[in-house]
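Here is the naming used below: chain letters follow the sequence lines, and residue numbers restart at 1 for every chain.
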Amino acid sequence: MLIVDKEGILIRYNVKMEKSMTPEEAAAELYPKEELYKPIAEAIFEGEEDDVIEGLEAAIAAGKDPIALIDDALMVGMKVVTDLYDQGVIFLPNVMMSADAMLDGIEFCKSQSTETPVQKGKVVCMVAEGDVHDIGKSIVAALLRANGYEVIDLGRDVPSAEALAAVKEHEPLMMTGTALMTTTMYAFKEVNDLLVESGITMPFACGGGAVNQDFVSTYSLGVYGEEAADAPKMADAILAGADIAALRAKFHNH
Amino acid sequence: MAIKRFTSMAYSEADEMVFGNAKLPVKAGLDLEIGAGYTTAEVNYAPRPEAGESMEKLVNEYQRITKDIMARMVQVGFPSVVLETEHVQQMTNNPSWGAAVAHAQKTIMEEYHEEYGIKCALRHTPGDIREHKEFMQLRGDKMAVVMESFEQIAESGADLLSIESMGGKEIFDYAVLRNDVPGMLYAIGCLGTMDMDYLWQEISSVAQKKGVVSAGDTDCAQANTAMFIAGGLLDKNLAHTLAILARAISAPRSLAAYEAGAVGPGKDCGYENIIVKAISGMPMSFEGKTSTCAHSDVMGNLIMQCCDLWSNESVEYHGEFGGTTVQCWSESLNYDCALMNTALKSGNEKILRDLLMASDRFRDPQSYVLAYDNAYAVGEAIVKDGEDIFLRAKNAAIACCDTLNNADGLEMTKFELGALAKATAELDAITSESETFMSECMERFSKEVPVFKPENYAL
């Protein structure tokens with residue numbers, strides 16, 4: 001059997017560029033200093049739901065407001081996770097597990113108060129009609145929630161009329177559409193046309209599988225997202241005042 | 001058809017495996033023999049989206065595609081070709097549509113065969129439509145539609161029957177996003193295999209009744225999902241060591257088709273097919289550097305090492321500078337086959353196989369494990385407990401981890417090594433009792449994954 005030294009044939013750039021700091025060391029630098037918040041942030045980073053609740057109970061017992069804890073502890077802990085993901089220090093499954101823990105924490109805080117927390121904004125997530133592949137949508141929804149957005153998850157195989165009705169009802173700052181197949185992505189155009197006919201000008205962020213920038217650029221509300229991680233960045237940009245043209249300028253890279 | 005598990009290897013050693021030769025060649029279509037001493041291109045394509053509006057438009061689109069491919073084959077002088085039509089959902093949901101397309105394509109292929117003598121075969125792959133909006137429905141009404149589709153395409157000209165089945169995916173999608181190794185083992189190794197057993201006995205019966213070939217499946221829904229999420233070297237969505245773990249577990253799952261009556265060639269996007277070929281001795285289709293039109297991978301040369309059919313995965317039909325996409329890609333595929341066939345004829349096949357393998361061996365943990373020598377070792381671990389679907393999947397996962405833990409010359413990141421160490425420890429901690437594992441997983445995932453319906457697996 002022929003074995004040839006890899007020198008000059010390939011380079012594992014991920015090994016070459018790897019950061020020297022471990023994820024735990026990097027996270028330790030970002031945790032909040034406040035004694036009651038730090039264990040909650042650590043538990044979020046570790047994805048340990050039970051420890052999150054335990055930390056919240058301790059903070060509430062010490063007099064902290066449950067609803068304020070969402071922003072002051074849970075979201076701060078989650079930001080450690082999403083920042084390290086953006087920096088390439090940790091990977092997606094860590095974000096997913098942390099998001100699960102954070103959501104449990106939010107539900108717990110809500111159950112301890114009569115007040116309703118205020119979130120950054122609403123985003124509707126859908127999978128194109130005829131398409132049952134929803135792992136991409138699940139990732140997008142988790143990353144949006146991890147960044148403080150309320151997600152209205154319409155699920156998979158969503159009829160265009162249902163998407164329109166959800167947008168009218170919830171008035172989100174944007175809607176995301178994912179599709180795996182070239183044949184189902186055409187539904188995005190139909191959704192776009194229904195939205196436009198109703199006078200809606202909200203960005204419709206689309207991506208996944210065979211979806212490409214050229215196709216998404218053919219309908220007026222379309223903004224192409226190459227990565228699931230683009231979704232919260234688009235939402236942040238919209239909150240900062242970006243319109244569809246500005247979003248396309250920022251996210252259409254090809 | 002009865003299930004007959006593999007408990008031994010078809011090849012006595014890894015070095016015996018080469019491209020273009022299988023222990024059990026398959027005759028199909030118009031004078032084609034697959035794995036019988038030569039390789040053949042398998043061209044795959046998707047209609048333009050607007051073609052799905054009606055049956056007439058679809059038939060017309062596939063006629064254009066078929067004519068384009070066959071014309072280019074004879075223009076450049078290639079001796080054989082396989083066409084694969086992966087159904088758009090309309091073609092499976094309306095079995096007469098799929099049948100009309102198969103008939104139209106086969107008519108053109110027969111004309112070219114008659115006029116030029118080109119050896120060819122038509123593979124049809126209905127979509128796995130066995131689901132409702134909220135959850136999978138693997139048994140019942142939708143299964144009946146899938147089987148009706150197989151019946152009609154087999155009557156109408158399809159020579160090779162395949163599907164990319166989805167059993168276990170509802171658990172896998174949940175598990176893979178949480179680095180959940182026992183969940184992946186349960187999803188692919190147990191639930192996936194159980195569904196394969198059920199589905200492929202039925203498909204093989206149809207094939208036998210209609211006199212066509214029950215060809216094979218791929219774990220596209222799970223192992224390829226892991227591979228695509230893992231992405232390139234700099235992507236941060238899944239450790240590549242976990243992606244190859246999913247791939248290793250998918251080998252005994254895809255093997256189940258051949259235990260239920262399928263005879264090959266296996267489906268192109270089953271990168272696990274190298275392990276399946278080592279065990280079954282049946283011809284396999286592969287894709288790699290010539291499927292970049294559909295997706296990237298990190299083993300484009302290596303995966304060609306032992307192919308019998310060489311595919312481009314899929315390309316949307318439209319114009320390019322060099323002709324239509326199907327003309328361009330069919331020509332590229334067949335030039336690769338011409339090189340492999342030259343190597344075979346001149347006795348240099350092992351040299352070319354090793355050059356292909358060596359060029360990607362150290363590119364990634366995925367390519368390292370799928371190098372034919374390491375893939376063979378995973379195969380040996382599977383057949384050791386071939387009768388027990390849980391144990392053989394667990395063995396495959398452990399063999400994959402062992403291969404990487406003892407890798408010589410492969411560089412891995414701390415993250416990849418960390419994920420590997422965690423997976424190795426988790427596998428060590430899993431019971432060896434099949435019933436215990438199954439019942440624990442059943443209880444756990446029934447709670448954690450609302451769309452999991454045990455009745456899909458007769459549980």
Side-chain angles (χ1 to χ4, degrees), chain A residues 1-7 9-20 22-23 47 84-97 99-100 127 130-136 138-139 142 155-159 180-187 189 209-210 212 215 227-229, chain B residues 14-15 46-52 88-90 129 131-134 136 166 169 173-174 176-180 221 225 228-229 232-240 242 294 314 316 350-351 353-355 357-364 372-373 408-416 418-419:
Chain A
M1 193 176 70
L2 181 69
I3 301 291
V4 182
D5 183 81
K6 59 186 170 297
E7 184 69 31
I9 298 172
L10 61 93
I11 300 171
R12 292 210 86 218
Y13 287 104
N14 49 347
V15 175
K16 192 177 167 188
M17 307 299 288
E18 192 168 34
K19 307 235 177 0
S20 56
T22 66
L84 293 181
Y85 174 64
D86 285 342
Q87 291 166 26
V89 177
I90 60 170
F91 278 44
L92 181 66
N94 304 86
V95 182
M96 299 295 290
M97 289 185 283
D100 288 348
V127 178
D131 206 323
V132 293
H133 302 87
D134 63 357
I135 193 168
S138 299
I139 295 170
R156 56 191 197 178
D157 188 11
V158 179
L180 179 72
M181 299 182 284
T182 53
T183 46
T184 56
M185 72 183 187
Y186 256 61
K189 212 164 184 167
N212 58 61
F215 173 69
E227 304 283 343
Chain B
D15 187 53
R48 286 168 284 202
E50 60 271 27
V88 293
Q89 58 86 13
Q90 299 94 315
I129 55 161
E131 50 195 338
H132 285 299
K133 186 173 185 300
E134 300 301 332
M136 294 205 285
M166 309 249 285
K169 186 168 172 59
D173 281 358
Y174 176 84
V176 73
L177 294 178
R178 289 163 178 80
N179 283 346
D180 181 348
T225 296
F228 298 149
I229 292 175
L233 297 178
L234 302 183
D235 286 322
K236 299 288 178 188
N237 291 330
L238 183 72
H240 289 202
L242 284 189
S314 189
E316 189 183 273
K350 289 191 176 178
I351 294 172
R353 174 200 64 187
D354 281 7
L355 287 170
M357 181 276 293
S359 71
D360 290 334
R361 184 180 182 88
F362 302 114
R363 195 174 298 281
D364 198 79
Y372 67 86
D373 55 322
D408 185 14
L410 173 68
E411 289 180 310
M412 287 183 272
T413 62
K414 286 198 287 281
F415 179 78
E416 287 168 339

Which portion of E134(B) sits near chain A, non-hydrogen atoms under 4.5 angstrom: backbone
Turns out that what part of T225(B) lies under 4.5 Å from chain A's heavy atoms comes down to side chain
Ignoring hydrogens and angles, tell me if any N or O in the side chain of D131(A) forms a donor-acceptor pair with the backbone of L180(A) under 3.5 Å. yes
Counting C-beta onward and ignoring hydrogens, is there a side-chain heavy-atom pair between S138(A) and D173(B) closer than 4.5 Å? no
Name the option with the most non-hydrogen atom pairs under 4.5 Å to chain B; the candidates are V132(A), I139(A), D5(A), I11(A). V132(A)
By side chain to side chain donor-acceptor pair (under 3.5 Å), which residues pair with D134(A), not counting sequence neighbours? none
Return the option, out of Q89(B), R353(B), K133(B), with the maximum number of heavy-atom pairs under 4.5 Å with chain A. K133(B)
More than 12 heavy atoms of other residues, nucleotides or ligands under 6.0 Å from CD of E50(B): is that the case? yes
Find out whether D408(B) and I3(A) are in side-chain contact, i.e. whether some heavy atom of one side chain is under 4.5 Å from a heavy atom of the other. no
Highest number of heavy-atom pairs under 4.5 Å with chain B: which of K6(A), R12(A), H133(A)? R12(A)
With a 4.5 angstrom heavy-atom cut-off, which part of I129(B) approaches chain A: side chain, backbone, both or neither? neither
Heavy-atom distances under 4.5 Å only: say whether D15(B) touches chain A with side chain, backbone, both or neither. neither
Beyond-backbone contact of K236(B) with F415(B), side-chain heavy atoms, under 4.5 angstrom: no
Among the listed options M96(A), K16(A), M17(A), the residue most often paired with chain B at heavy-atom distances under 4.5 Å: M96(A)
At a heavy-atom distance under 4.5 Å, which candidate from I135(A), I9(A), V4(A), V127(A) has the highest pair count against chain B? I135(A)
Counting only non-hydrogen atoms closer than 4.5 Å, does R178(B) touch chain A with its backbone (N, CA, C, O), its side chain (CB onward), both, or neither? both
State, yes or no, whether a side-chain contact exists between N179(B) and L238(B) at a heavy-atom distance under 4.5 Å. yes
Per-residue contact mode, D180(B) against chain A (heavy atom under 4.5 angstrom): neither
Find out whether L234(B) and Y13(A) are in side-chain contact, i.e. whether some heavy atom of one side chain is under 4.5 Å from a heavy atom of the other. yes
Intermediate values then yes/no, side chain to side chain contact (heavy atoms under 4.5 Å, CB included), L92(A) and D235(B): CA-CA 10 Å; L92(A) 181 66; D235(B) 286 322; over 6 Å; no
Is it true that K169(B) and E131(B) make a salt bridge, defined as a side-chain N closer than 4.0 Å to a carboxylate O? no
Turns out that what part of H240(B) lies under 4.5 Å from chain A's heavy atoms comes down to side chain
Given that the side chain runs from C-beta out, which part of Y186(A) has a heavy atom under 4.5 Å from chain B: side chain, backbone, both or neither? side chain
With chain B, the option among R156(A), M185(A), E227(A) that has the most non-hydrogen atom pairs under 4.5 Å is R156(A)
Less than 4.5 Å to any heavy atom of chain A: does that hold for the side chain of F228(B), its backbone, both, or neither? neither
